[in-house]
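First comes the structure, then the notes that go with it.
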Number of protein chains: 2
Amino acid sequence: MNKIKIAIVDDHQLFRDGIHSLLSKHQEFEIVISAEDGKAFLEKLNEGNHPEILLLDLTMPEMNGFEVLERLKKKYPKIKTIAISMHDDGNYIMQATRGGAHGYLLKNTDEDELLKAIYTVLSGNKYFNTEISQRMINIISLEGVSPKKLSPKEMEILVLIAKGHTTKEIAQKLFISTRTVETHRNNMMKKLEVKNTPELINKAAQLNLI
Amino acid sequence: MNKIKIAIVDDHQLFRDGIHSLLSKHQEFEIVISAEDGKAFLEKLNEGNHPEILLLDLTMPEMNGFEVLERLKKKYPKIKTIAISMHDDGNYIMQATRGGAHGYLLKNTDEDELLKAIYTVLSGNKYFNTEISQRMINIISLEGVSPKKLSPKEMEILVLIAKGHTTKEIAQKLFISTRTVETHRNNMMKKLEVKNTPELINKAAQLNLI
DNA sequence: AAAAGTATCCGTATTTATACGGATGCCAGG
DNA sequence: CCTGGCATCCGTATAAATACGGATACTTTT
């Protein structure tokens, strides 16, 4: 029967080798691509040997995992990506999932879980273990009903507030009226669904905005 | 000549195997212990075969890396530990360093760096690469001149402030006077060397206090 | 073309935080 | 035993944030 074609993209050879040797113990897998960054991977893809499953590191030089996801979505939508990352931060997981990942694993995953993830995704489902799901749920609940992005000016003011500046100081620093600062702060509070400034800073920190 | 005796402690076999096979390529190393948690490691230590270098994961069940460090400090001070962790957070690094680690590596380390770390620590120096050092410096500068811990009551009030409660609400919730809340808040601001409450929350988030 | 978002700014009023000072009593550390 | 930390609470005053409402003009999105 046909082997399951796997690609590995990770800038650390130690990890690629580890995954490679683990999967090589299983006859049903064939590693068709092993690349050290997104750019090299996409070049090898163009040569025609397509995987069904991609094990993709997110933090890489040259072209990171998010950019790879974006390209794959357009050019090779049938390839199913399992993100593998050092980062257990919920914001990271959400970004990868929104970017099209079919699964998410931490780099400390074990053999059993890796296999389970591959088979789950191969069968058409998503694979996110309990811990990963919890972190996603946490971020989703933090984001609130309708997650909104802060505008550039809001971000600028948010950072200054977090640094301890008062509305008056910020107004002077940015050459705008104190009322303008107040309005921006109020708008941010509404967007992030918080009641006051300490809670705004806390939420921004949790959402990795600052 | 004598081989360099190495121990590996990590709850993920994939990682232990990876390190094992990497080091096995080098004749000068001998892996004398490979354990999946601190407890198993200490038991094997008691059997008498001591490593010079310990590669130690920090997050493990049963007995985590910090507890191992603490035990080693007392019973086997000659063993030099290189912490290997998923976590690049400065607070983690500081905790491991204060706990006695002679070096710190992320789990995405490569072969060259792993070897460099081992030899550096073996020669009596500490090994922290540029990125790790930067994060330590960042935390040190965040902690300020004389880092102080917050008292249990202060922590309790800090969490409530971060959740958006006012001084009045916190006083009612904890059955204390608003002046008490004000005093605690003021003390925290002094301890963390910040000018106001938003900066307090921001700094607490950066120091992973909330 | 219309609607929404962004950035700007205002008046008035109340609530909240901050600032300066002070205090007592208990407990742990030196 | 003395010192310092912790937890408690106070008076008075000022500064800052929040709350309610409003506005214009430009840019982006629908």
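As the structure is a computational prediction, the values presented were derived from the model and not from experiment.
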Name all residues meeting the side-chain contact (heavy atoms from CB on, under 4.5 Å) criterion together with [X]; count only those two or more places apart in sequence or in a different chain, and write none if there are none.
X        : value
A/Glu156 : A/Lys153, A/Leu174
B/His87  : A/Asp88, B/Thr59, B/Ser85, B/Tyr92, B/Tyr104
B/Glu43  : B/Lys39

- Query: Any idea which of D/dA7, D/dC9, C/dT8 is nearest the B/Thr180 side chain?
  - Reply: D/dC9

- Against the side chain of B/Ser151, the closest entry in D/dT8, D/dC6, C/dC9 is D/dC6

May I have the distance from [X] (atom [atom1]) to [N] (atom [atom2]), rounded to whole angstrom?
X        : N      : atom1 : atom2 : result
A/His184 : D/dA17 : NE2   : P     : 15 Å
B/Ile170 : D/dA7  : CD1   : C1'   : 16 Å
A/Leu200 : D/dA16 : CG    : P     : 19 Å
A/Glu154 : C/dT8  : CD    : P     : 10 Å
B/Ile176 : D/dC6  : CD1   : C1'   : 12 Å
A/Leu192 : D/dT18 : CG    : P     : 13 Å
A/Asn187 : C/dT6  : CG    : C1'   : 9 Å
B/Lys190 : D/dG5  : NZ    : C1'   : 14 Å

- Note on the structure: The ring pair (Phe, Tyr, Trp, His ring centres under 6.0 Å) partners of A/His165 (sequence neighbours excluded) come to none

- Applying salt bridge (Lys or Arg N to Asp or Glu O under 4.0 Å), name anything that partners A/Glu199, two or more places apart in sequence or on another chain. A/Lys195

- Contacts of B/Glu62 that satisfy salt bridge (Lys or Arg N to Asp or Glu O under 4.0 Å) - sequence neighbours left out: none

Under-3.5 Å N/O pairs linking protein and nucleotides 2-5 of chain C:
none

- Item | Contact state string [nucleotides 24-30 of chain D, B base, S sugar-phosphate only, - no protein heavy atom under 4.0 Å] | -------

- Contact pattern, 5' to 3', of nucleotides 16-30 of chain C - B, S or - by protein heavy atom under 4.0 Å: SSBS-----------

- Task: Under the side-chain hydrogen bond (donor to acceptor under 3.5 Å, both in side chains) rule, collect the residues that match up with A/Thr183, sequence neighbours excluded.
- Result: none

- Taking only residues two or more places apart in sequence or in another chain, which ones pass side-chain hydrogen bond (donor to acceptor under 3.5 Å, both in side chains) with B/Lys5? none

- Task: Mind listing the closest non-hydrogen atom pair of B/Leu58 and B/Asn64 along with its distance?
- Result: O-CB, 3.3 Å

- Parallel, tilted or perpendicular: rings of A/Tyr76 and A/His50 (30°, 60°): perpendicular

- Query: Which ranges of DNA chain D pair up as stems, where a stem means three or more consecutive Watson-Crick or G-U pairs with both distances under 3.5 Å?
  - Reply: C:1-30 with D:1-30

- Message: Exactly one of B/Asn91, B/Asp89, B/Thr97 should register a side chain to side chain contact (heavy atoms under 4.5 Å, CB included) with B/Ile93. Which one does?
- Response: B/Thr97

- Message: Check whether A/Thr120 reaches the backbone of A/Asn125 with its side chain - one donor and one acceptor, N or O, closer than 3.5 Å.
- Response: no

- For A/Thr178, does its backbone N or O pair with a side-chain atom of A/Lys168 as donor and acceptor, under 3.5 Å? no

- Message: For the OG1 atom of A/Thr197 and the CG atom of B/Asn202, what is their distance to the nearest 0.5 Å?
- Response: 12.5 Å

